[in-house]
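The structure appears below as structure tokens.
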Amino acid sequence: MTRQALTLSQHLLQMEREHPRAKGEFTDLLSHIALAAKTINREVVRAGLVDILGYTGAENVHGEKVQKLDQFARDAIYRILGQTGQLAVLASEEDEDVIPVPPGQPVGRYVVNFDPLDGSSNINANVNIGTIFSILPRITTEGSGTVRDCLQAGRRQLAAGYVMYGSSTMLVYTTGHGVHGFTFEPSLGEFLLSHPDIRIPARGRIYSVNEGNYAHWTEGVKRYVDWLKMDDRETGRPHSSRYVGSLVADFHRNLLYGGVFLYPADRKSPQGKLRVLYECAPLAMVAEQAGGSASDGVRRILDLEPTSLHEKTPFLVGSPQDVREAELFIQERHQAVTADRRLNHVRVDL
Ligand code: AHM
Ligand code: MG
């Protein structure tokens, strides 16, 4: 017997019926994100064949070299979402200021913050890369949307998700009703529901961090990672190290298998490397909706109130028990972890 998988559009309509507050216009926005993802995917898979790889020669606002595919992805998202009439304003990791809706388009009620192509240093090696998106309600009431609309705490997101371009291309999203994953079927040109209602394991056996930064870490981070590598069968250590260097790929694997991803603050990058609006807040919403958690070491990522578009934050995300342990080490409260790991939960009784 063959099973008929739901397409993304069918699934979005079903979600609208089950959750009537999920408005049609919002569904329309997600469908257009999927369309942009297909367009970007087409270029990503062709990248090795056509002369599209390599640098444009320009630098983005972070002083990094902009690669052609980054720019293509940014333009595709702007062009396709800009036509929906749903947007008040956009902000992207590649742009210094907010991006107004295209001239002639009506000003809508939603805000999209996005990282067009995350992990772009991996493009030339044919390693997974991704698009990350966050949808917020507009809060200003007059004229075009402004930077205030983009600078909202992550807990106000209406939807968030990512597309991962890899051995197969996947779109994973949440609108606050669980996390759902779709795999792109190239011959149909459709995203098909392959991972309904994803739940992250409460505890994992994987840690993902760039250990090349070890010398720059705080004592708490060093102790945590050293502790994960210790041999202790009773508490399931050592853990395995897995680090792609593409956030979407590292996050996605840990979401399915369980584990923790860290990009902590260090002496070189006192605020960490990853950006609140384009990377951390959307992935934090996905993680929490899947039963996981996300923290800056002390605070919940979704409660951070960003004050500038390109603000960075230390980022711990993944299985809730692992994230809690990492927090305790980072806060130098690791005695609370060691005693209780056997009980399969972390006691915080200091
Ligand atoms: P990017 O937005 O410039 O691509 O940088 C973000 C990427 C993440 O995908 C990844 O987790 C991180 O940078 C890797 O950084 P590092 O090379 O320092 O480990
Ligand atoms: Mg990025």
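Every heavy atom of this structure was used, including side-chain atoms; hydrogens, water molecules and symmetry mates were not. Note that the numbering runs from 1 along the sequence shown for the chain. All ligand and atom numbering here is 1-based and tracks the order in the structure.
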Which atoms of ligand 1 are found less than 4.0 Å from any heavy atom of [X]?
| X | answer |
| --- | --- |
| Asp115 | 2 (O) |
| Lys273 | 5 (O), 7 (C), 12 (C), 13 (O), 14 (C), 15 (O), 16 (P), 17 (O), 18 (O) |
| Tyr243 | 14 (C), 15 (O), 16 (P), 19 (O) |
| Gly119 | 4 (O), 9 (O) |
| Glu93 | 1 (P), 2 (O), 3 (O) |
| Ser120 | 4 (O) |
| Leu247 | 8 (C), 9 (O), 10 (C), 11 (O) |
| Glu279 | 2 (O), 6 (C) |

### In the protein, N/O/S atoms that are found under 2.8 Å from the Mg ion (ligand 2), waters not counted
Glu93 OE1, Asp115 OD2, Asp118 OD1, Glu279 OE2
Looking at [Y] and [X], is any side-chain nitrogen of the basic one under 4.0 Å from a carboxylate oxygen of the acidic one?
| X | Y | result |
| --- | --- | --- |
| Glu43 | Lys68 | no |
| Glu93 | Arg74 | no |
| Glu327 | Arg299 | no |
| Asp115 | Arg275 | no |

#### Entry: Spatial distance of atom CZ (Arg253) from atom CZ (Phe261) [nearest 0.5 Å]
9.5 Å
Do the side chains of [Y] and [X] get nearer than 4.5 Å, heavy atoms only?
| X | Y | value |
| --- | --- | --- |
| Thr175 | Leu30 | yes |
| Pro116 | Asp70 | no |
| Phe184 | Leu171 | no |

Please state which protein non-hydrogen atom is closest to [atom] and give its distance, to 0.1 Å?
| atom | result |
| --- | --- |
| atom 18 (O) of ligand 1 | Tyr263 OH, 2.5 Å |
| atom 1 (P) of ligand 1 | Asp118 OD1, 3.8 Å |
| atom 10 (C) of ligand 1 | Gly245 O, 3.3 Å |

### Query
For the residue pair Tyr162 and His252, does the interplanar ring angle fall in the parallel (under 30°), tilted (30 to 60°) or perpendicular (over 60°) class?
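Geometry flag for His252 against Tyr162: perpendicular rings.
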### Query
Is the Tyr224 ring parallel, tilted or perpendicular to the Trp227 ring (thresholds 30°, 60°)?
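Aromatic pair Tyr224/Trp227 classed parallel.
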Within the 3.5 Å criterion, strictly below it, is a donor on [X] or [Y] matched to an acceptor on the partner's side chain?
| X | Y | answer |
| --- | --- | --- |
| Arg237 | Thr235 | yes |
| Thr183 | Glu185 | no |
| Asp322 | Tyr207 | no |

### Query
Which is it for Asn213 and ligand 1 at heavy atoms under 4.0 Å: side chain, backbone, both or neither?
neither
#### Entry: Region of Tyr278 that comes within reach of ligand 1 [heavy atoms, distance under 4.0 Å]
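Tyr278 to ligand 1: no contact under 4.0 Å from either part.
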Ligand 1 and [X], any nitrogen or oxygen pair closer than 3.5 angstrom?
| X | result |
| --- | --- |
| Ser246 | no |
| Phe261 | no |
| Leu274 | no |
| Ser121 | no |

### Query
When you measure from atom 16 (P) of ligand 1 to each heavy atom in Asn210, Ile132, Asn128, which option holds the nearest one?
Asn210
### Flag if over 12 foreign heavy atoms under 6.0 Å of CD, Gln105
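Enclosed.
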### Query
Crowded around Tyr257 OH? As in, over 12 foreign heavy atoms under 6.0 Å?
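No.
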